[in-house]
Asks: 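One structure, pasted below without further comment.
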Amino acid sequence: MPVPTTKILFRGVSILDSTGADPYPGDVLVVNDRIAAVGDVDPGAADGARVIEGRGRTLMSGLCDAHTHFSWNNSADLDGLGTLPVEEHLLFCIESARTYIDSGYTMCLGAAAAKERLDVVCRDAINAGRIPGPRYLANGPEIAVTGGALIKSITKFADGPEGMRKAVRELIDIGVDQIKLSMTGEEITGTQRAEDTYFSDEETAAAVTEAHRRGKRVCAHARSAESVKMCVRNKVDIIYHASFTDAEGMDMLEANKDWVFVAPGINWLVATLYEAESFGFPQEAAEAVGYKKELETAIQGLREMHRRGVKILPGGDYGFAWTPHGTYARDLEHFVELLGFTPMEAIIAATAWGGEIMLRPDELGKVQPGYLADLLLVDGDPLADITVLQDRDKLDYIMKDGRFHKEAADEPAPTPPNPGSSDRNAAPASV
């Protein structure tokens, strides 16, 4: 039995298409799950469409978080991520998935899961339509060497090249989309320094070779200068943090900018330094262990990467007590205020480059004909005020795959679409 055609026309919107062009007024027609026309839409093509009156609001692509942790549970008890029973943990992951799409995020790349199958189960449930959530690429527990774990209770340990190959194979066997290596320390642990590097070149090469041989990418927690260079030398696809990148590492990133992505998770540094006091980590303590130095060094390095054209994507480490789920778009503000991005550049990083990091650059991240209809209708102009994307009340409509996840509550209910009219001048139904 043929599936009926569904048409939705966004009429009179300001189109922010993520190509770098200035927003322009026009209409956008969605047919089934894809964008069919942008700008001037043939009235005949819109016959039978439900119409959303834009009234000049901004229509743009859904956003991407390039460093997602569904299973981080807004807690200051980091070890508790490992001891939380799996049933309750899965429920929290389901809630996280919904919070992401409630916040306008239609693309997320998993950066590590606290238990082996949490990400995989959530991804499959989203894809099957059983739970709401963004398009998701699932990860497993991060891999660390003995003595190099940030949180032992949620880590998969491996040592030496053969140990790395085995760990990668085991994670691929449970269905992950990418592998996470935990290569350096993190100051909040009190024992693992951000500038320490725990992996060897041989271990990194073995993990990457095994993953790539099986069609999977590798991402890495890599704060130290040496770890960044180790990642580039060994073709780690996605580098998280890169705080202490040195001059040699900067040149290597620039020389390989056609394939490497950096996702710094800048809000983690800002919030840990300035906003963790009520959770037992005051600013004085954060400064004492090095977070002020790291933030200042990271800002300088990321500005230089941006100047050199390295692809830097927003998102990262949301889900701790002082970086709670639902505050994801703070990264975009930091990109503008701290890293020297223009608002347009920040939005392109979160949309068009999101499509690239999700491996679907010709289908995701732009408002263009043929792209999947993952769209936000925003009551405001993100180019004039990037913080509007932090206000979920301003995200009037959220669409994924041509279906509304959210519709503005204060607008009239839709009139049923016109039946297939032969009168090409008939006005489409509207709200």
Side-chain angles (χ1 to χ4, degrees), residues 18 60-74 90 92-114 117-142 175-180 216-217 219 221 237-238 240 261-268 311-320 323-332 335 346-347 349-361 363-365 372 374-376 389-390 392 395 398-401 405-406:
S18 291
M60 61 181 289
S61 166
L63 302 169
C64 177
D65 186 300
H67 184 159
T68 299
H69 298 295
F70 278 173
S71 53
W72 282 200
N73 65 342
N74 290 345
L90 178 58
F92 189 88
C93 293
I94 291 169
E95 292 169 2
S96 297
R98 174 150 200 156
T99 301
Y100 264 103
I101 196 164
D102 284 347
S103 304
Y105 282 76
T106 57
M107 301 176 276
C108 287
L109 191 140
R117 297 185 63 248
L118 289 176
D119 262 18
V120 171
V121 169
C122 284
R123 177 203 63 200
D124 292 348
I126 291 168
N127 290 345
R130 297 175 66 187
I131 63 172
R135 301 178 189 277
Y136 195 57
L137 296 179
N139 215 316
E142 58 190 18
V176 302
D177 294 303
Q178 59 270 340
I179 300 294
K180 169 77 172 289
K216 307 297 181 182
R217 290 181 296 170
C219 53
H221 172 98
D237 305 274
I238 301 158
Y240 290 137
F261 295 94
V262 174
I266 194 71
N267 186 66
W268 163 261
K311 287 192 171 87
I312 307 170
L313 274 70
D317 279 340
Y318 290 93
F320 294 106
T323 61
H325 283 287
T327 62
Y328 319 114
R330 287 192 67 183
D331 261 46
L332 300 180
F335 271 42
I347 287 169
T351 55
W353 292 357
E356 292 185 24
I357 206 169
M358 295 293 288
L359 301 175
R360 302 173 76 174
E363 290 188 299
L364 297 175
L372 286 160
D374 294 1
L375 300 169
L376 309 179
L389 296 173
Q390 297 177 39
R392 279 188 268 178
L395 306 180
I398 300 171
M399 172 181 277
K400 179 188 163 199
D401 263 330
H405 169 72
K406 176 188 176 183

Asks: For the residue pair V262 and L313, establish whether any side-chain heavy-atom pair is separated by less than 4.5 Å.
Replies: no
Asks: So, for A66 and Y240, which heavy atoms are closest and what is the spacing to 0.1 Å?
Replies: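 Closest approach of A66 to Y240: O-OH, 2.8 Å.
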Asks: With side-chain hydrogen bond (donor to acceptor under 3.5 Å, both in side chains) as the test, would you mind laying out the steps for D331 and Y318 before giving the verdict?
Replies: CA-CA 10 Å; D331 261 46; Y318 290 93; 2.5 Å; yes
Asks: Between the side chain of R123 and the main-chain N/O of G175, is any donor-acceptor distance below 3.5 Å?
Replies: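 Checked: pair present.
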Asks: Under 6.0 Å from the CZ atom of R130, do we count more than 12 heavy atoms belonging to anything else shown?
Replies: no
Asks: Just how far is it from atom CZ of R117 to atom SG of C122, taken to the nearest 0.5 Å?
Replies: 10.5 Å
Asks: Restricting to ring pair (Phe, Tyr, Trp, His ring centres under 6.0 Å), what partner residues turn up for F261, sequence neighbours left out?
Replies: none
Asks: Could you tell me which residues satisfy side chain to side chain donor-acceptor pair (under 3.5 Å) with R135, sequence neighbours excluded, listed by chain and number?
Replies: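 R135 satisfies side chain to side chain donor-acceptor pair (under 3.5 Å) with D374, D401 only.
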Asks: Measure across I312 and F335 and return the closest heavy-atom pair with its distance rounded to 0.1 Å.
Replies: O-CE2, 3.6 Å
Asks: Could you walk me through whether N74 and F92 pass side chain to side chain contact (heavy atoms under 4.5 Å, CB included), step by step?
Replies: CA-CA 10 Å; N74 290 345; F92 189 88; 3.9 Å; yes
Asks: Over all heavy atoms of both residues, which pair between A111 and K180 is shortest? Give the atoms and the distance, please.
Replies: O-NZ, 2.9 Å
Asks: Hey, are the side chains of K400 and I126 touching, using non-hydrogen atoms and a 4.5 Å cut-off?
Replies: yes
Asks: ring-ring contact (aromatic ring centres under 6.0 Å, His included) for F320 and W268? Distances and angles first, verdict last.
Replies: CA-CA 9 Å; F320 294 106; W268 163 261; 4.9 Å; yes
Asks: I need the C219 SG to N139 CG distance, nearest 0.5 Å.
Replies: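 Interatomic distance, C219 SG to N139 CG, rounded to 0.5 Å: 5.0 Å.
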Asks: Using side-chain heavy atoms (C-beta onward) and a distance below 4.5 Å, is L137 in contact with R217?
Replies: yes
Asks: If you measure from CG on L372 to CD on E363, what distance do you get to the nearest 0.5 Å?
Replies: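 Taking CG in L372 and CD in E363, the distance rounds to 5.0 Å.
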Asks: If you apply the rule side chain to side chain contact (heavy atoms under 4.5 Å, CB included), what do you find for I238 with L109, and how did you get there?
Replies: CA-CA 10 Å; I238 301 158; L109 191 140; 3.9 Å; yes
Asks: Out of curiosity, T106 OG1 to L375 CG, how far, rounded to the nearest 0.5 Å?
Replies: 8.5 Å
Asks: What's the separation between atom CD1 in I101 and atom CG in L63, rounded to the nearest 0.5 Å?
Replies: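 It is 11.0 Å, given to the nearest 0.5 Å.
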Asks: How would you list, by chain and number, every residue that makes a side chain to side chain donor-acceptor pair (under 3.5 Å) with D317, sequence neighbours excluded?
Replies: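 Scan of D317 (side chain to side chain donor-acceptor pair (under 3.5 Å), adjacent residues dropped) gives H67, H69.
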Asks: With Y136 as reference, evaluate T68, D177, D119 under the side chain to side chain donor-acceptor pair (under 3.5 Å) test and give the passing residue.
Replies: D119
Asks: Are the side chains of C93 and W72 in contact, using a 4.5 Å heavy-atom criterion?
Replies: no
Asks: Please lay out, stage by stage, how M107 and L364 fare under the test side chain to side chain contact (heavy atoms under 4.5 Å, CB included).
Replies: CA-CA 9 Å; M107 301 176 276; L364 297 175; 3.8 Å; yes
Asks: Report the residue from H325, H405, K406 that forms a side chain to side chain donor-acceptor pair (under 3.5 Å) with D102.
Replies: H405
Asks: Identify the heavy atoms of Y105 and D65 that sit nearest to each other, and give their distance.
Replies: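 It is CD2-N, 3.5 Å.
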Asks: Would you check, one step at a time, whether the test side chain to side chain contact (heavy atoms under 4.5 Å, CB included) holds for S103 with L389?
Replies: CA-CA 8 Å; S103 304; L389 296 173; over 6 Å; no
Asks: Apply the test side-chain hydrogen bond (donor to acceptor under 3.5 Å, both in side chains) to residues T351 and S18: give CA-CA distance (whole Å), side-chain angles for both, the deciding distance (0.1 Å), then the verdict.
Replies: CA-CA 7 Å; T351 55; S18 291; 2.7 Å; yes
Asks: Please answer whether the main-chain N or O of T327 pairs with a side-chain N or O of Q390 as donor and acceptor at a distance below 3.5 Å.
Replies: no
Asks: Which atom pair, heavy atoms only, marks the closest approach of Y328 to T99?
Replies: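 The answer is OH-CG2, 3.5 Å.
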Asks: Testing the basics here: between G365 and S61, what is the closest heavy-atom pair and its distance to 0.1 Å?
Replies: CA-OG, 3.3 Å
